[in-house]
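So the structure is just underneath, and the comments pick up after that.
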Amino acid sequence: MRPPVLLAVAHGSRDPRHAATVHALLRAVRSLRPGLRAEVAFLDFNAPSVPRVLERLAADGVREVVALPLLLTRAFHAKADIPAVLRSAPPSLRIRQAEVLGPSPLLLEAVHRRLYEAGLDPADKGSTGLVLASAGSTDPEAIAVIADTARELRHTGWCAVRPAFASASLPRTEDAVRELRTEGCARVAVAPYVLAPGRLPDRIAEGARGADVLAGVLGAAPELARLLLERHDGAVAGAGRVLRDTA
């Protein structure tokens, strides 16, 4: 029996780097598990759209789909937008919505990978303050998850860790950088806690001008590819919500 198709659902962006990064992540997933059909669809701005991909899967004879939100927290898109579009799928498809990507130890590993790739020496963690800079949200649950993630990172040996946000919430990246300087951290590093480039990650980079190290976005890090498969397998095992059963 064929495993359920993994359908990664990304937000989409007018910035072409966003879609390119999402497609690179899905290529990494396929390389890890060649027997799994893994597709990508976008809520907005980019093609293919979620309805279009679901129609194509149904036409191909697919019967089961695990829809995986490419989101780090359970904010509005995971709670409302994605379930709404999935419920309008062709009646022949049985659809489970997997859990969002965060929180996960694999995300912390990916954050460290990007920081070390940007030139940070692991031996300097104890004297380096870290800004965990996310896109931001008006959802209190999402903000709490980012704060918890910052605390988890603090326990891995950093001088101090502060969350920051590119929109909707405070503090901004530049404010968190200044705060860590004031606290006496010898160095400050900024880790964008975002999946792909775009307008808000660019805002994070602008705010990181006063930092010593700016990491890249999480993107197609190997840990992210493993996490997508982990969420897919969890949904298949029953952890995901059944949003559409077959007619």
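Heavy-atom basis, side chains included; hydrogens, waters and symmetry copies ignored.
- Atoms CG and CG, from Leu153 and Asp148 in turn, are 11.5 Å apart once rounded to the nearest 0.5 Å.
- The side-chain heavy atoms of Leu107 and Thr149, taken from C-beta on, include no pair separated by under 4.5 Å.
- Put simply, the side chain of Leu71 reaches to within 4.5 Å of the side chain of Ile82, judged on heavy atoms.
- Tyr193 has its side chain within reach of Val111: a pair of non-hydrogen atoms, C-beta onward, lies under 4.5 Å apart.
- In this structure, OG in Ser104 is found 8.0 Å from CD in Glu109, a value given to the nearest 0.5 Å.
- Contacts of Ser13 classified as side-chain contact (heavy atoms from CB on, under 4.5 Å), with partners at least two apart in sequence or in another chain: Asp15, His18.
- With sequence neighbours excluded, the residues satisfying side-chain contact (heavy atoms from CB on, under 4.5 Å) with Pro163 are Ile146, Ala150, Phe165.
- Closest of all the heavy-atom pairs between His112 and Lys125 is NE2-NZ, 3.3 Å.
- Annotation: side chain of Leu36 is not in contact with side chain of Arg30 (no heavy-atom distance under 4.5 Å).
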Kindly list each side-chain donor-acceptor pair under 3.5 angstrom involving residues 196-204, sequence neighbours excluded, with atom names and distances?
unit_1: Asp202; atom_1: OD1; unit_2: Arg17; atom_2: NH2; d: 3.1
unit_1: Asp202; atom_1: OD2; unit_2: Arg17; atom_2: NH2; d: 3.0
unit_1: Arg203; atom_1: NH1; unit_2: Ala166; atom_2: O; d: 2.9

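- Looking at heavy atoms from C-beta onward, Glu174 lies out of side-chain contact with Arg209 at the 4.5 angstrom threshold.
- Residue pairs that meet the salt bridge (Lys or Arg N to Asp or Glu O under 4.0 Å) test with at least one member in residues 42-62, sequence neighbours left out, are Arg37-Asp60, Glu39-Arg56.
- Classification of Glu141 and Arg74 as a salt-bridged pair holds, one side-chain N sitting under 4.0 Å from a carboxylate O.
- Using a 4.5 Å cut-off on side-chain heavy atoms (C-beta onward), Leu130 and Arg162 make no contact.
- Note that the CG atom of Asp124 and the SG atom of Cys159 stand 11.5 Å from one another [nearest 0.5 Å].
- Taking OG1 of Thr21 as the start and CG of Leu26 as the end, the distance is 11.5 Å to the nearest 0.5 Å.
- Atoms CD and CG, on Glu183 and Leu180 in that order, are 5.5 Å from each other to the nearest 0.5 Å.
- Within the 4.5 Å cutoff, side-chain heavy atoms of Val65 are placed close to those of Leu57.
- Note that CG of Leu86 is 10.5 Å distant from CG of Asp81, once rounded to the nearest 0.5 Å.
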Table please: side-chain donor-acceptor pairs of residues 215-230 below 3.5 Å, with sequence neighbours left out.
unit_1: Glu223; atom_1: OE1; unit_2: Arg113; atom_2: NE; d: 2.9
unit_1: Glu223; atom_1: OE2; unit_2: Arg113; atom_2: NE; d: 3.0
unit_1: Glu223; atom_1: OE2; unit_2: Arg113; atom_2: NH2; d: 3.1

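- Scored by the side-chain contact (heavy atoms from CB on, under 4.5 Å) test, Ala20 finds no partners at all (sequence neighbours excluded).
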Next item on the list: For Val190 and Val177, run side chain to side chain contact (heavy atoms under 4.5 Å, CB included): C-alpha distance rounded to whole Å, both residues' side-chain angles, the deciding distance at 0.1 Å, then the answer.
Entry: CA-CA 8 Å; Val190 174; Val177 169; 3.8 Å; yes
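- At a threshold of 4.5 Å between non-hydrogen side-chain atoms, the residues Phe42 and Ser49 do not count as touching.
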